[in-house]
*Asks:* 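My structure is below; once you've seen it, I'll send some questions.
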Amino acid sequence: MAKFLSDEWIVKCKNYMYEKLDPEADLKNVTTSLLGVVEHIPPDDSIMNFYLNLENGKLIDFVVSKGPTYEKEAKFVITGSYGTFKSVLQGEMNLTIALLKNRIKLKGSKVKALKLMKPLDGVILSLKEVTDEFED
Amino acid sequence: MIEYYPFLTNFLSVKTFNNEIYIKLYLQITILGVEMTSEKILTLEKTSFKGALEIAKKGTHCGMCRFDFLETGLCPSGKKHGFLAYWPQGRMQIFKNLMEEKVKPTEKLIEIVNSCSLCGICDKQCNFATQLRPEKVAKALKDYVEELDKGDFQNIPEDKNIIALRKIVGEEWATNDPIITSSYISSIIAPDSKFNFYIVMPKDAQELSKVIKYANSNNLPYLPRSGGTLLSMAAPTVLSNAFGLEKGIVIDLLRMNQLEIHPESQTAMVGAGITAFELQKEAHKHNLRANVAEAGAHICANIASTGILSTWGNKYGWAADNFIDVETVDDEGNIINHSDLEIENPYTTEYGFTNISLVPPLIVTKVTTRLNPVFDDEEAVFVPFENIQDAIDLSFKVARRGMGFSNVILSRKYLAEFISPTPNIAKDFEYILEKYMKLNYAVDIICNKDEKKIIESMVDYTIDKSTLKSLILGCPKLSTLKDSEFMKILSEEKDPLKAIFAGPMKEHFEKALEATPENISKIYDEDLQDFFKKAYSKPELTNIIWLHEHRIFPSRLMRQRMFLPMGGVIWTEYEKNLLDWINMFVNVGDKNKLIHALGFISPFDQGRFACLEYDFYYDHNDPDAKKRVDKAIIESQERSLQIDGILSALNFYFKGLYRKEHVLFPIAKAISDDDRELFRELLKNIIGGV
Amino acid sequence: MTKDEILIDIKSDLQKAFYIAEKGTHCGMCKIDFLGSGVCPSGKKNGFAAYWPDGRMEIVKALYSGKIRPTEELKNIAKSCKVCGICDKQCNFTTHLRPERVAKALKEYVNKLDDKDFEKILEDKILKELRLIVGEKWASNDPAIIVSYTKTIIVQDAGVNFYVVMPKTTEEVAEVIKYAYKNNIPYLPRGNGTLLSMFIETLLAKAVSLEKGIILDLRRLKKIEIDEDNKTAIVGVGVTAFELQKEAYKHGLRALVAEAEAHVCVNIASVGIVSTWGNTYGWGSDNFIEATLIDSKGNIIHHSDEELTNPYSTNNSFTNLTLTPSTIITEATVKLHPIFKDEEAVLVPFETLDEALDLAIELAKRRVGLSLAVISSKYLSEFICPTNEIAEDFEYISKNYLKFNFIVDVVCDKYDKMIVEDLADVTIDQNMMRTLILGSPRFASLKESEFLKILSEEKNPLKAIFAGPMKSHLEKALDPSPKQVAKVYDKDLQVFFEKVYSKPEMTDVVWLHAFRILPSRLMRQRMFMLRGGYIVADKKKIIDLNDMLKKVGDKYNLPNALGFISFLENGKFAFVEYDYYFDHLNPDSHNRLNQSIVETLQLQLKIKGLIPIEYVFHKGLFRKEHLFYPMPKGLSDDELKILGEMVQTVVGG
Amino acid sequence: MKFLSDEWIKKAKQITAEKLDPEKDLKNATTSLLNIIENIPPDGKSIYFFILVKNGIIEEFVIDNKDYGLNKKAEFIVTGNYDTFVQILKGEMSTTIALIKNRLKIKGDKVEALKFVKPMDKFNGCLRKIETEY
């Protein structure tokens, strides 16, 4: 278990996804990239982002970096507050609702994004599994 | 340890009381934490509590106790303190919560009960709408507090958030008190949620902006609340989580009560705290009319949520047509107007069935809304129909020709519910309409005298003013005629409708109804009869046009039970699908054993579109019924998407700030099977998902 | 003789043609097939204004005045004309001119020259680039082509330092703009140029015209797609009002359009479509579902883009004056409206504007009628009379004998008709209108007749003639027939015009309101300038405005008259068009006009609740709510001073 | 000298300081203006051109061609392309016309801006005196 967005967290997430997620069954062989921008991170209200790249259901890239942008273009960019990501990762709220409640903003086509929700659930699940500590 | 402190003090205090009941009660509640049904408590409690709880449970948050629609004045305590807890509906909710042990007494509770002088205004208002006596609950709540001991009231300390929020809105307008918070249950907070909430009542956009900025930087979710009716409809259902707030800041906008009429430009400046009724009343003083939703709905919230769906839409428009400009606060706390030049396009939204929004895109704090002239020759035309196609033909024809101000097809059910003072009378009334009169639908048009002539020339007969008045005041009598000879004879007529509304029987009928304020007031409790006699003597209570503008009747759909409005918009080019759509709802309703009925169909945009409301009714205290409603919602929602030419409710909510052209065009077609799968998934996430 | 001398010698042959040409006013009617005669084959094929009848007229003027010398392109232009005579038919209907004679003269002129006389214009770098975008044929810098745009987008003395491009698609337009933006080249789009041609005659010429750079002639974006289910049409910027209406009618639908020759998209963007149908169909963004535009950097944008900077908002401050578009519209999805089988026209004649407004405002508030307007007898005469002379007499008669100066003009369904007839004691029906249209020449000839003298002695001449005993006499007297009206045309055209006037639509008042082919007659052999604007629909306000505009018009002795008054927002606002007519060949009348424009602009800006027409320009893509609310309060003196300085720089600079 | 070249800028500052009468020419105006000149050939860079006037006296006159722009708060921001500014300085087009023609986009109170147009023209007229090649 690790703290959200910590170096340790990335490693754990990667491992978890490699080990536990089946590219076909869980990730539906999806090929996409996602940039998650996390705003209002306590204590100093900073911004970080994590970049995820899947090819045919395999995790190619998973990077966390500071600031609102990452050098690589992502197919989808979701932006939300630390609190929102927290409740998603703690399973208090699912990504779709967060989206429909404007808690998470999305750049890119909604239809496509919703089609992706299923496989992404797999990813989110893994993140859930390894995340247990948050700033508060 | 602190946990047990209150208990110990309670325990001692209670012991000195030497009151068996309370010892048991507190042992169970605080130490053993035994699951107790309210039944058990009630056996221990004064029986009067039982009655009060029954009343409280029946409450449906229709919101009619929050504005002065009978000239009784307003609940003084609510008006003064603002928070829902101080209003009749809030007291009912609090009492329910206490009885069901959702919340423990706090020191605030004392202030809340003391603020109520038992003036009885709420009984009058509530009785008109729902036949309930909230004052009894208020009284019970007082008694309940009486019997507690000082120590029983927990003191709720300020935390860092509440301190910050109070800095923004002022001491008395922000709270984290569980009792106050709990009064918002079922109208924005889910019944099963913990009370980690703050309630804030900002007085203007500037304060709201600060609240939101604070919320963001402290990762507190928030949701605005106005009348809360829409939310309360969703609350008992699967949509509860989707529409409600799970934690964080409830922003109660009631204090934004700016209201200015500008007769010269025929517009009004309306703050988020203003209800439809209040605006309409003010507009009328200037011989102007606003396009508004139900009396209790707040104008600003309603514009954002459904763009104001009214029977006047064909003439007055929908969504952005309603306003000149809006002042809003976005989710970064920026205050923006739709007229600002340097903002992102505020008038458009993504097109398609996946564009579902469960919250307003912006919080509307003020709107400059359009007002429309009132003509001195306006009249109501009521045309009764046995079958719906005939009703549709007339209504749409009139709409396309641009005639009429208000134009709607009312179902028998609506007619009965609206004008009948009690559920039972409504039931009998509807029975008579159906069985004897064969009146299943009424095309109900408000228009000027020229148009009236024209419409009358299109039909055989209409229901005139005097008959309508007799029906409103005479409905109790009418319902007693249920099994009368008169009705039997009537039903044998070739065309009973004609016979009774235009034929020889009209006179007898109106006489038979003995329609007087005196008579209708008799159906109310002894002590209220004088009041209601006066109320019904007021011309507006039987003035059809006034009733269409001020819309105080629809609240009766919520009396002592709940309903969920489904439906949406249909393109009249696809009129042929309208009946399929309705039948679909019928099937879904039957299948799930619900009381269900068409509400209304109303054309708008010169008859290009029509909106349809179909209602599922249920007992909100019956868990099984709720399950069945849930099924009905999901199924009907999904099947609506399989019909050409329809934009269903879920796609319709919170699109009111946009140009209708960007929401409604092009015509929506039935979705593909893949998309259906996608939509199922989506729905599952919304509903199943926490 | 030297080459130049020869040229001058030959040129003198152009003189006759020149005199016809200079009368031309660019009404643009020769670009649409409104008489079923077909349109100029060479224009249709080659696009550039130079290849159309009015373009040829400009070229002849330029050659005659020595502004240009013969070029290679000029040869093709002359050749491309087969003197088929279509232009004469079209032009005669509206302006009574014979452009074919000009075209013929140009051909003869070119034939007299020998090949070496034609200058070959070289392709420069910019032209090369532009041609890469739109194709060889559709970009040019040839002076002969450039001058053909004189008076419709460039001023007389602008020189020929221009390029003309005719893109085919939105993407091509975007590419052109990108190129122009990067290379600091000014540009300006052009629809049919009618509105521009009006302003270029005034002190606003500099502000509305292009001083150098790229002329975007958008005629080639011709897409029309009707969607019956949605009741909408996708319209390319090259489509004219007439063309869209014709297409819509085939589907039993009607579009809200301006004058027949105006390009729909351009008109939406420029004035939001001002028409007599506005009270029912709306204005500004009410007209369209979606609009495709090119911004100043060459990006393609849509009104439905969420990231776009608010495309719906503007304001009516006197500082918010825009005389050239900031974006270029290339396509729009417009609303169409149902046509009812029982539509009819009802005209109610009045002696005073006061009475007319009483009825019109009442009808507007009650939203009676699909099309609703107060029109002056001047308008009526100009519209239905085939020549200026007839129009003058017609107006004289209606004013002096019949005593009607204003008409409340309603197109409505049978139900609304009942209402109107209920409210009015005299109405002119469809048949009587047909009588007047076909009988107007005869009617005019009655000017001094006994018949009218007797009539004028009636207590209520209007009643007598339109509703009373004399109605049938009049109808007999006029003997209205296509043959009759055809007689006023040149011999060789009479057969054609008899056919034209035999067509039912030519006398179908509803059709005429929908297709609007008659307004162009206001421009026959003279020009006019619009005054007025949007005003709170208050009777007194409107009458005061009318009187003020009349006063100023008279002061500068310009022929002037109310045009029409139509309504918006269920009679909350009115649009008042008041016209100052002038001879565009007379410099002195220009001076008087310009003074009257400045004076009226200032006087109008002082009026509370009025938006002068200048302030409506290029605001048609916005929501009317943001333009009309709140209505201006009327300028303070310092504000007027600032405005004055602004106007000075516009005029001077 | 070349438009916007360093020597030009130097000259511009000097000549405006000398020639402009605070009262007659600049009407004792107090304002600040940021011009953004886009698409300067050959490489299409932008130049920022900031003027601060207090009671008709030019207090600041900064010209900068850094891409990150100028972090100066100005009452008005006027944006336009190179050619437009050239035309204005050459006196081929008045500022007002440029505005009405959308050749210049202005941010700030338009009424105030128009009041400022006259002094601005004087200012430009003064720059016009510089022998400038474009």
*Asks:* At a 4.5 Å cut-off on heavy atoms, which part of C:Glu569 comes close to chain B: side chain, backbone, both, or neither?
*Replies:* side chain
*Asks:* Quick check on B:Glu264 against chain C: is it the side chain, the backbone, both or neither that has a heavy atom closer than 4.5 Å?
*Replies:* side chain
*Asks:* For C:Tyr312 and B:Arg659: C-alpha separation, side-chain torsions, deciding distance, then whether side chain to side chain donor-acceptor pair (under 3.5 Å) applies.
*Replies:* CA-CA 10 Å; C:Tyr312 286 110; B:Arg659 267 184 90 217; 2.6 Å; yes
*Asks:* B:Thr368 versus chain C, heavy atoms under 4.5 Å apart: side chain, backbone, both or neither?
*Replies:*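 It is neither, since no heavy atom gets under 4.5 Å.
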*Asks:* How long is the straight-line distance from OH of B:Tyr347 back to CG of C:Leu308, given to the nearest 0.5 Å?
*Replies:*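 Between C:Leu308 CG and B:Tyr347 OH, I get 13.5 Å after rounding to 0.5 Å.
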*Asks:* Are there more than 12 heavy atoms of other residues, nucleotides or ligands under 6.0 Å from atom NZ of C:Lys414?
*Replies:*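 Yes - once you tally the heavy atoms of other residues, nucleotides and ligands closer than 6.0 Å, there are more than 12.
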*Asks:* Answer yes or no: is there a side-chain heavy-atom contact under 4.5 Å between C:His626 and B:Asp325?
*Replies:* yes
*Asks:* Regarding C:Arg367 and the six-membered ring of B:Phe375, is the cationic atom NZ or CZ under 6.0 Å from the ring centre and inside 45° of its axis?
*Replies:*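 No, cation not above the ring by the 6.0 Å, 45° rule.
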*Asks:* With respect to chain B, which residue among C:His303, C:Met418, C:Met631 yields the maximal number of heavy-atom pairs within a distance under 4.5 Å?
*Replies:*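 It is C:His303.
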*Asks:* If you check every heavy atom in residues 335-344 of chain C against those of chain B, which residues fall under 4.5 Å?
*Replies:* C:Lys335, C:Leu336, C:His337, C:Phe340, C:Asp342
*Asks:* Just checking B:His262 against C:Tyr629, ring centres under 6.0 Å apart?
*Replies:* no
*Asks:* Taking side chain as everything from C-beta outward and backbone as N, CA, C, O, which of these in C:Phe622 sits under 4.5 Å from a heavy atom of chain B? Side chain, backbone, both or neither.
*Replies:* neither
*Asks:* Search all heavy atoms of B:Thr348 against all heavy atoms of C:Asp305 and return the closest pair with its distance.
*Replies:*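 It is CG2-O, 3.5 Å.
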*Asks:* Specify the closest pair of heavy atoms between C:Asn230 and B:Ile667, including all atoms of both residues, with the distance to one decimal.
*Replies:*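 Reported closest heavy-atom pair: OD1-N, 2.7 Å.
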*Asks:* Can you tell me which portion of C:Lys365 sits under 4.5 Å from chain B's heavy atoms? Options are side chain, backbone, both or neither.
*Replies:* both
*Asks:* So which residue, C:Arg366, C:Lys624, C:Glu625, ends up with the most heavy-atom pairs under 4.5 Å with chain B?
*Replies:* C:Arg366
*Asks:* Which bit of C:Asp227 comes within less than 4.5 Å of chain B, counting heavy atoms only: side chain, backbone, both or neither?
*Replies:* neither
*Asks:* Please tell me if the side chains of C:Tyr415 and B:Asp450 come closer than 4.5 Å, counting only heavy atoms from C-beta onward.
*Replies:*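 Side-chain contact under 4.5 Å: no.
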*Asks:* Inspect the surroundings of NZ in C:Lys606 and state if more than 12 heavy atoms from other residues, nucleotides or ligands are less than 6.0 Å away.
*Replies:* no
*Asks:* By a 4.5 Å heavy-atom criterion (distance strictly below it), what part of B:Asp340 contacts chain C: side chain, backbone, both, or neither?
*Replies:*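 Backbone of B:Asp340 only, per the 4.5 Å heavy-atom cut-off to chain C.
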*Asks:* So which part of C:Ile289 gets closer than 4.5 Å to some heavy atom of chain B, the side chain, the backbone, both or neither?
*Replies:* both
*Asks:* Could you tell me whether C:Asp286 and B:Lys660 make a salt bridge, using a distance below 4.0 angstrom between a side-chain N and a carboxylate O?
*Replies:* no
*Asks:* Just how far is it from atom CD of C:Glu290 to atom CD of B:Glu661, taken to the nearest 0.5 Å?
*Replies:* 11.0 Å
*Asks:* Just give me the residue among B:Glu451, B:Met403, B:Lys453, B:Arg370 that pairs up with chain C most often, heavy atom to heavy atom, under 4.5 Å.
*Replies:*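 Highest number of pairs under 4.5 Å: B:Arg370.
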*Asks:* Which one, B:Ala320, B:Cys447, B:Gly607, leads in non-hydrogen pairs under 4.5 Å with chain C?
*Replies:* B:Ala320
*Asks:* Heavy atoms, side chains only, cut-off 4.5 Å: are C:Glu306 and B:Asn345 in contact?
*Replies:*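 Side-chain contact under 4.5 Å: no.
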*Asks:* Let me know if B:Arg401 has heavy atoms under 4.5 Å from chain C in its side chain, its backbone, both or neither.
*Replies:*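 Both backbone and side chain.
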*Asks:* I'd like to know if the side chain of B:Tyr574 pairs up with that of C:Asp229 as donor and acceptor (distance under 3.5 Å, no hydrogens or angles considered).
*Replies:* yes
*Asks:* Is the shortest side-chain heavy-atom distance between B:Ile454 and C:Ile419 below 4.5 Å?
*Replies:*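 B:Ile454 reaches C:Ile419 side chain to side chain.
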*Asks:* Does any part of the side chain of B:Ser339, heavy atoms only, come nearer than 4.5 Å to the side chain of C:Ser313, both counted from C-beta?
*Replies:*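 Of all side-chain heavy-atom pairs linking B:Ser339 with C:Ser313, at least one is under 4.5 Å.
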*Asks:* Need one label for C:Ser285: side chain, backbone, both or neither, based on atoms under 4.5 Å from any heavy atom in chain B.
*Replies:*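 Answer is both: backbone and side chain atoms of C:Ser285 are under 4.5 Å from chain B.
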*Asks:* Can you tell me how far the CD atom of B:Glu344 sits from the OG1 atom of C:Thr309, to the nearest 0.5 Å?
*Replies:* 7.5 Å
*Asks:* Given heavy-atom pairs under 4.5 angstrom as the criterion, report whether the side chain, backbone, both or neither of C:Lys231 touches chain B.
*Replies:* both
*Asks:* Hey, are the side chains of C:Asn310 and B:Glu342 touching, using non-hydrogen atoms and a 4.5 Å cut-off?
*Replies:* no
*Asks:* Hey, what do you get for CG (C:Asp413) to CZ (B:Arg400), rounding to the nearest 0.5 Å?
*Replies:* 13.5 Å
*Asks:* Heavy-atom cut-off 4.5 Å, strictly under: side chain, backbone, both or neither for B:Pro373 against chain C?
*Replies:* neither
*Asks:* Tell me, for B:Glu573 versus chain C, whether the close heavy atoms (under 4.5 Å) come from the side chain, the backbone, both or neither.
*Replies:*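 Only the side chain of B:Glu573 comes within 4.5 Å of chain C.
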